[in-house]
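Index from 1, following the sequence.
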Amino acid sequence: MPETNASIASFWNAFAASFDEEADHGLRDPGVKAAWAERLRSWMPASPADVLDLGCGTGSLSLVLAEQGHRPVGVDLAPLMIEQARRKLTAAGFDAAMMVGDASDPPAPAGTSFDVILSRHLLWTLPDPQEALRRWVGLLRPGGRLVLIEGRWASAEPGEDQSYEGKSEPMPWMGGVEAGRLLAALRPLVKTARVEPLPDSILWGRIIQDERYAVVAFV
């Protein structure tokens, strides 16, 4: 999948400089950050937990986790995103591992055993999300959990390109994935799973009209 990964990395590298301008990306607004901190606290086990933050972007959620006493490891395919994540965590005084890698198949240096695997708005970017979920479950300790923050915010029109710049493999969940579809994909892999709707505008910095939710699944 080298060509696909290169296309995806290039796409997100182009957004790295402006990524944190979105309220839910940069968490620069104290109210937005506090809202995400509260949600993360409710989804995480007692600290310190080992958390693999996949598709970590500029590391905003990893920073919140570190501030809560957890041990985050961030993985993102875009080197420029990871550069920002490293600077962000270091500036806050945390020595957390932030590394370039394929979130759908995390690199071995990230680790092989975690209490939590976290991702936010990542699954739509993957050519094979079902296989990625299978791999992620295999990295969890007994009793570990997946925390998948997802949504369905766009519907493709017939014939619309379903890949990055037309150069990569099709993304079956382009535009997001409905909660029911994600639960169906998880059912063979986990013991239990629940959906928590996330419609609150404070989380996103604006009023939203589409489906936003988190799935918390236990293995």
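Here F15 contributes atom CZ and E22 contributes atom CD; the two are 10.0 Å apart, rounded to the nearest 0.5 Å. The CG atom of D24 sits 10.0 Å away from the CD1 atom of I149 when rounded to the nearest 0.5 Å. D20 contributes atom CG, which lies 8.0 Å from atom CE of M81 (distance to the nearest 0.5 angstrom). For the atom pair I208 CD1 and L198 CG, the distance stands at 8.0 Å (nearest 0.5 Å). Summarising the geometry, atom CG belonging to L186 is positioned 13.5 Å from atom CZ belonging to R134; distances are rounded to the nearest 0.5 Å.
Both tests do not hold together for R152 against W173: distance to the six-membered ring centre under 6.0 Å, angle to the ring axis within 45°.
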Practice task
Please assess E67 against K33 for the test salt bridge (Lys or Arg N to Asp or Glu O under 4.0 Å), listing each intermediate value before the final yes or no.
Solution key: CA-CA 12 Å; E67 290 172 343; K33 183 175 181 179; 3.2 Å; yes

Exercise for the section: May I have the step-by-step check of side chain to side chain contact (heavy atoms under 4.5 Å, CB included) for I117 and L140, ending in yes or no? Expected result: CA-CA 7 Å; I117 289 179; L140 287 170; 3.8 Å; yes

Practice task
For the pair F94 and L63, evaluate side chain to side chain contact (heavy atoms under 4.5 Å, CB included) and give the outcome as yes or no after the intermediate values.
Solution key: CA-CA 8 Å; F94 296 105; L63 176 57; 3.8 Å; yes

Problem - Working for side chain to side chain contact (heavy atoms under 4.5 Å, CB included), residues C56 and M98 - result: CA-CA 8 Å; C56 66; M98 300 282 118; 4.3 Å; yes

Handout entry: Audit row: V147, L40, side chain to side chain contact (heavy atoms under 4.5 Å, CB included) steps and yes/no
Key = CA-CA 9 Å; V147 177; L40 286 171; 5.6 Å; no

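Side chains of N13 and P79 form a contact here, defined as non-hydrogen atoms less than 4.5 Å apart. Counting only heavy atoms from C-beta outward, the side chains of M44 and V51 approach each other to under 4.5 Å. Between D95 and L89 there is no side-chain heavy-atom pair separated by less than 4.5 Å. With a 4.5 Å cut-off on side-chain heavy atoms, V219 and R145 do not count as touching. Contact annotation: the side chain of L118 never approaches that of L52 to less than 4.5 Å [non-hydrogen atoms, C-beta and beyond]. Between M99 and P107, some side-chain heavy-atom pair lies under the 4.5 Å cut-off. The shortest distance between side-chain heavy atoms of V73 and F114 falls below 4.5 Å. In this structure, the side chains of R212 and H121 come closer than 4.5 Å at one or more pairs of heavy atoms.
Ring geometry for W12 against W124 counts as perpendicular: the plane angle is over 60°, on a 0 to 90° scale with 30° as the lower cut.
When hydrophobic clusters are built by joining Ile, Leu, Val, Met, Phe, Trp and Tyr residues whose side-chain heavy atoms come closer than 4.5 Å, directly or via intermediates, L146 is grouped together with L139. With hydrophobic clusters built from ILVMFWY side chains whose heavy atoms lie under 4.5 angstrom apart, W153 does not share a cluster with V32. Hydrophobic clustering (ILVMFWY, side-chain heavy atoms < 4.5 Å, transitive): V177 and L189 are in one cluster. W136 and L182 fall within the same hydrophobic cluster, where Ile, Leu, Val, Met, Phe, Trp and Tyr residues are linked whenever their side-chain heavy atoms come under 4.5 Å apart, directly or through other members. Follow the hydrophobic side-chain contacts under 4.5 Å out from V100 and you never reach F11; the two are in separate clusters.
Closest of all the heavy-atom pairs between A16 and Q84 is O-NE2, 2.5 Å. Between L122 and S119, the shortest heavy-atom contact is CD2-CB, 3.9 Å. R120 and E150 make their closest contact through C-OE2, 4.5 Å (heavy atoms, listed as atom of the first residue, atom of the second, distance). The minimum heavy-atom distance linking S62 with D53 is given by the pair OG-OD2, 2.7 Å. Closest heavy-atom contact between A78 and D76: N-OD1, 2.9 Å. Of all the heavy atoms in V75 and G101, the pair that sits closest is CG1-O, 3.5 Å.
Proximity of a side-chain donor or acceptor of E178 to a complementary backbone N or O of G151 within less than 3.5 Å is not detected. Formation of a donor-acceptor pair under 3.5 Å by the T90 side chain with backbone atoms of R86 is found in this model. Between the side chain of H70 and the backbone N or O of A49, at least one donor-acceptor pair lies under 3.5 Å. Using modelled atom types, one side-chain atom of R141 and one backbone atom of S113 make a donor-acceptor pair closer than 3.5 Å. Although no hydrogens or angles enter the test, the distance criterion places no donor-acceptor pair under 3.5 Å between the side chain of S60 and the main chain of L27. Checking side-chain atoms of R135 against main-chain N and O of S104 turns up a donor-acceptor pair under 3.5 Å.
Aromatic ring centres of W204 and W36: separated by under 6.0 Å.
Heavy-atom contacts from other residues, nucleotides or ligands closer than 6.0 Å to CD of E38 number 12 or fewer.
If you check the side chains of E196 and W43, you find a donor sitting under 3.5 Å from an acceptor.
With salt bridges taken as basic N to acidic carboxylate O contacts below 4.0 Å, one links R39 and D200. At a threshold of 4.0 Å, the pair E83-K88 does not count as salt-bridged, since none of the basic side-chain nitrogens sits closer than that to a carboxylate oxygen.
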